[in-house]
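See below for the structure under consideration.
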Amino acid sequence: MFKNAIHGFSTAWKGLSLTIRHLFASNAKRKITPISNDNYFKSLEGTNTIQYPKQQLPVPEVGRYQLEVEIDDCIVCDLCAKICPVDCIDIESIKATEAFGQTSDGSPKRIYAAKFDIDMAKCMYCGLCTIVCPTECIIMTNQYDRTVFELKDLTYGFSDMTPEDAAEKRALLDKQVAERQAAKLAAMNKKEGEA
Ligand code: SF4
Ligand code: SF4
């Protein structure tokens, strides 16, 4: 009984002294250290909270944060949308009547992106879209804080086409398709006439 009481007091004293030590240590501010620093987990002294957003912890270079699309380098191949496990990439493509430019890695551009939306509220940050992209134009940035008030504002649009541009390109494509079909029909009719 006496032994148990001693053990109880000793345990309580250990806990209390630890609390007191942390109480005084919490007056000191912890130095902001990147997680890549060898001493990151050794910096135990000081408060663990920081004065966000005035102070910010450095993020790891390979972290998965908000997606960004360099639309000038996108060839609208749709691979990112196809691989996305949660279907949060919504692309509406329009085939161009001819190649209209090149990406920075020299890939020819033949498809317009009338719509290129990513719903970051649905995204699970798996990074698969960035892996399959042939031109590496969809990337994960170190941006993690894009606070919004409306959920719909987490859908980011990356297309640089106006609805008028898109309508014009669709009309051009329809015209080209109709002309090609007419030419094909004329060629078939000619062949039949000659037979
Ligand atoms: S990171 Fe994953 S979930 Fe998010 S858009 Fe890319 S593929 Fe989809
Ligand atoms: S995979 Fe890359 S190039 Fe293809 S549509 Fe997506 S962002 Fe564009």
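Numbering of ligands and ligand atoms starts at 1, following listing order.
When only non-hydrogen protein atoms are considered, atom 6 (Fe) of ligand 1 lies nearest to Cys129 SG, 2.3 Å. Of all protein heavy atoms, the one lying nearest to atom 8 (Fe) of ligand 2 is Cys74 SG, 2.4 Å. The nearest heavy-atom contact from the protein to atom 3 (S) of ligand 1 is Met124 N, 3.4 Å. Among protein heavy atoms, the minimum distance from atom 4 (Fe) of ligand 1 is reached at Cys123 SG, 2.3 Å. The protein heavy atom nearest to atom 1 (S) of ligand 1 is Gly127 N, 3.2 Å. Here the heavy atom of the protein found nearest to atom 2 (Fe) of ligand 1 is Cys126 SG, 2.3 Å.
Relative orientation of the Phe100 and Tyr112 rings is parallel, given thresholds of 30° and 60° on the angle between their planes.
Heavy atoms of Cys137 found under 4.0 angstrom from ligand 2 belong exclusively to the side chain. Here Ile83 has no heavy atoms under 4.0 Å from ligand 1, in either its backbone or its side chain. Only the backbone of Asp78 comes within 4.0 Å of ligand 2, counting heavy atoms alone; no side-chain atom from C-beta on gets that close.
Against a heavy-atom cut-off of under 4.0 Å, Cys77 is close to the following atoms of ligand 2: 1 (S), 3 (S), 4 (Fe), 5 (S). With ligand atoms numbered from 1 in the order given, ligand 1 contributes 3 (S) to contacts under 4.0 Å with heavy atoms of Val86. Proximity to Thr135 (heavy-atom distance under 4.0 Å) selects the following atoms of ligand 2: 3 (S). Here is the list of ligand 1 atoms found below 4.0 Å of a heavy atom in Met140: 1 (S). Atoms of ligand 1 found under 4.0 Å from any heavy atom of Pro85 (numbered from 1 in listed order, with element): 7 (S). The atoms of ligand 2 that sit less than 4.0 Å from any heavy atom of Cys80 are 1 (S), 5 (S), 6 (Fe), 7 (S). For ligand 2, the atoms sitting less than 4.0 Å from at least one non-hydrogen atom of Ile75 are 3 (S), numbered in the order shown with element in parentheses.
Side chain of Asp105 to backbone of Thr135: no donor-acceptor contact under 3.5 angstrom is found. A donor-acceptor pair under 3.5 Å is formed between the side chain of Gln176 and the backbone N or O of Thr97.
A salt bridge does not link Lys169 with Glu92: none of the charged nitrogens is closer than 4.0 Å to a carboxylate oxygen.
Here Leu172 contributes atom CG and Ile94 contributes atom CD1; the two are 10.0 Å apart, rounded to the nearest 0.5 Å. Annotation: the span from Lys109 atom NZ to Ile75 atom CD1 amounts to 10.0 Å, rounded to 0.5 Å. Note that CG of Asp119 is 9.5 Å distant from SG of Cys84, once rounded to the nearest 0.5 Å. Of the inter-residue distances, the one linking Ile89 atom CD1 with Cys123 atom SG reads 7.5 Å to the nearest 0.5 angstrom.
Pro134 and Leu79 make their closest contact through CD-CD1, 4.1 Å (heavy atoms, listed as atom of the first residue, atom of the second, distance).
Using a 4.5 Å heavy-atom cutoff, the side chains of Glu168 and Glu164 are not in contact.
Remark: distances from the non-hydrogen atoms of Ile89 to ligand 1 include one below 4.0 Å.
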Report the C-alpha distance between Glu70 and Phe158 in whole Å, list the side-chain angles of each, state the deciding distance to 0.1 Å, and finish with yes or no for side-chain contact (heavy atoms from CB on, under 4.5 Å). CA-CA 8 Å; Glu70 181 50 66; Phe158 294 101; over 6 Å; no

Mind running side-chain contact (heavy atoms from CB on, under 4.5 Å) on Arg170 and Leu173 for me, showing each step along the way? CA-CA 5 Å; Arg170 270 191 212 100; Leu173 179 64; 5.8 Å; no

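Here Cys133 meets the criterion, with an N, O or S atom under 2.8 Å of atom 2 (Fe) of ligand 2. For atom 4 (Fe) of ligand 1, the N/O/S atoms of Cys84 include none lying under 2.8 Å. Within the coordination shell of atom 6 (Fe) of ligand 1, defined by N, O or S atoms under 2.8 Å, Cys88 is absent.
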